[in-house]
**Q** 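This is the structure I want to talk about, given as structure tokens.
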Amino acid sequence: MGDEKDLRTTQESLTILLSDDSAFESALNAIYEAIDSNGDGRLDAHELERYIGRACAKMGVDSPAPAQVAGVFNQLDLNNDHDISREELGVFLRHFFQEQVKYCALKLRAARR
């Protein structure tokens with residue numbers, strides 16, 4: 001039952017973020033600033049790799065290989081300028097949050113059966 005509650009809470013929170021531009025921008029800014037370790041307003045590959053490494057350590061999982069992080073970076077760098085802009089990260093986060101809402105809905109539906 002706790003898992004269902006967590007899924008429902010996650011689904012509701014992400015739905016709010018996706019429907020409220022101000023809330024989405026606040027979340028985007030917080031995430032962007034957490035990754036932008038040197039504060040220059042641009043995310044480079046090293047910053048993304050460090051951020052992912054810290055996130056993995058907090059979750060107790062192995063960090064991905066540098067080539068995997070480079071692949072993620074290249075997917076996020078939509079204009080191929082070797083930096084991830086706030087807008088590019090926003091495109092990714094919006095899509096990621098939408099997919100997480102769908103995932104939660106599927107898991108909740110499966111739990112009801």
Side-chain angles (χ1 to χ4, degrees):
M1 190 67 168
D3 288 343
E4 282 185 51
K5 183 178 179 188
D6 290 345
L7 284 168
R8 193 168 287 106
T9 300
T10 298
Q11 184 182 32
E12 290 169 1
S13 297
L14 291 175
T15 299
I16 290 168
L17 273 177
L18 289 166
S19 64
D20 181 339
D21 288 340
S22 176
F24 182 82
E25 287 298 317
S26 292
L28 171 60
N29 289 338
I31 294 166
Y32 199 87
E33 289 169 13
I35 300 171
D36 186 16
S37 59
N38 65 8
D40 68 354
R42 301 181 331 217
L43 304 182
D44 62 38
H46 298 294
E47 288 172 314
L48 183 64
E49 188 170 359
R50 282 191 300 271
Y51 181 79
I52 290 173
R54 288 192 313 266
C56 288
K58 285 183 181 181
M59 293 185 288
V61 298
D62 292 335
S63 294
Q68 290 173 306
V69 176
V72 170
F73 184 89
N74 290 334
Q75 291 294 313
L76 295 174
D77 183 18
L78 299 174
N79 64 1
N80 297 315
D81 67 351
H82 307 291
D83 289 314
I84 299 170
S85 68
R86 190 174 308 272
E87 293 76 22
E88 288 168 325
L89 185 63
V91 168
F92 165 75
L93 287 177
R94 191 168 296 280
H95 177 74
F96 178 73
F97 293 163
Q98 289 167 342
E99 292 302 310
Q100 287 302 111
V101 167
K102 291 177 194 174
Y103 172 79
C104 290
L106 288 172
K107 294 295 275 186
L108 287 166
R109 195 172 306 127
R112 289 186 200 120
R113 293 181 186 172

**Q** Sub-3.5 Å donor-acceptor pair from the side chain of S19 to the main-chain atoms of I16, do we have one?
**A**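 At least one qualifying donor-acceptor pair exists.
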
**Q** Identify whether Y32 and F96 are in the same connected component of the hydrophobic contact network (ILVMFWY, side-chain heavy atoms under 4.5 Å).
**A**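 In one cluster with Y32: F96, yes.
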
**Q** If I compare all heavy atoms of A34 with all of R54, which pair ends up nearest, and what's the gap?
**A**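 Heavy atoms only, the tightest pair is O-NH2, 3.4 Å.
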
**Q** Taking side chain as C-beta onward, heavy atoms only, is T15 less than 4.5 Å from Q11?
**A**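 Yes. Closest side-chain heavy atoms under 4.5 Å.
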
**Q** Using a 3.5 Å distance criterion without hydrogens, assess whether the side chain of D44 forms a donor-acceptor pair with backbone atoms of D83.
**A**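 Judged by distance alone, no pair lies under 3.5 Å.
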
**Q** Using the rule given for side-chain hydrogen bond (donor to acceptor under 3.5 Å, both in side chains), can you reason through R50 versus S37, listing the C-alpha separation, both sets of side-chain angles and the distance that settles it, and then say yes or no?
**A** CA-CA 9 Å; R50 282 191 300 271; S37 59; 3.0 Å; yes

**Q** Determine whether I52 and S63 make a side-chain contact, defined as any pair of heavy atoms from C-beta on separated by less than 4.5 Å.
**A**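 The answer is no; the side chains never approach within 4.5 Å.
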
**Q** Take V101 and Q98 through the side chain to side chain contact (heavy atoms under 4.5 Å, CB included) test and state the conclusion after the steps.
**A** CA-CA 5 Å; V101 167; Q98 289 167 342; 5.8 Å; no

**Q** Hydrophobic cluster membership, with links at side-chain heavy-atom distances under 4.5 Å among I/L/V/M/F/W/Y: are Y51 and F73 in one?
**A**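 Per the 4.5 Å side-chain linkage, Y51 and F73 are co-clustered.
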
**Q** Find the distance between CZ (R42) and CD1 (I35) and round it off to the nearest 0.5 Å.
**A**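 Reported value, rounded in 0.5 Å steps: 15.0 Å.
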
**Q** Do you know the tightest heavy-atom contact between G41 and D36?
**A**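 Scanning both residues completely, I find the closest heavy atoms to be N-OD2, 2.7 Å.
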
**Q** Going from CD1 on I84 to CD on Q75, what distance comes out if it is rounded to the nearest 0.5 angstrom?
**A**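 Nearest 0.5 Å value for the CD1-CD distance: 10.5 Å.
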
**Q** Locate the shortest heavy-atom distance separating E88 from L76; write the atom from each residue and the value.
**A**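 What the structure gives for the nearest pair is CB-O, 3.4 Å.
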
**Q** Using a 3.5 Å distance criterion without hydrogens, assess whether the side chain of N29 forms a donor-acceptor pair with backbone atoms of E33.
**A**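 No: the side chain of N29 does not pair with the backbone of E33.
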
**Q** Hey, could you give me the CG/OG distance between N79 and S85, rounded to the nearest 0.5 Å?
**A**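 One finds 6.5 Å between CG of N79 and OG of S85.
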
**Q** So do L78 and F92 actually touch side chain to side chain, heavy atoms under 4.5 Å?
**A**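 Side chain of F92 against side chain of L78, heavy atoms only: no contact under 4.5 Å found.
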
**Q** Would you say L48 and L43 make side-chain contact, with heavy atoms under 4.5 Å?
**A**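 Sidechains of L43 and L48: no contact.
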
**Q** Do the side chains of R8 and C104 get nearer than 4.5 Å, heavy atoms only?
**A**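 The answer is no; the side chains never approach within 4.5 Å.
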
**Q** R94 versus L18: any side-chain heavy-atom pair under 4.5 Å?
**A**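 A side-chain contact exists here, since the closest heavy-atom pair is under 4.5 Å.
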
**Q** Side chain of E49, backbone of V69: donor and acceptor closer than 3.5 Å?
**A**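 No, the answer is negative, given that no donor and acceptor are paired below the 3.5 Å cut-off.
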
**Q** Which heavy-atom pair separates C56 from D62 by the least distance, and what is that distance?
**A**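 Closest heavy-atom pair between C56 and D62: SG-O, 3.8 Å.
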
**Q** Do L14 and L93 sit in the same hydrophobic cluster, where Ile, Leu, Val, Met, Phe, Trp and Tyr count as joined when their side-chain heavy atoms come under 4.5 Å apart?
**A**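 Cluster IDs for L14 and L93 match.
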
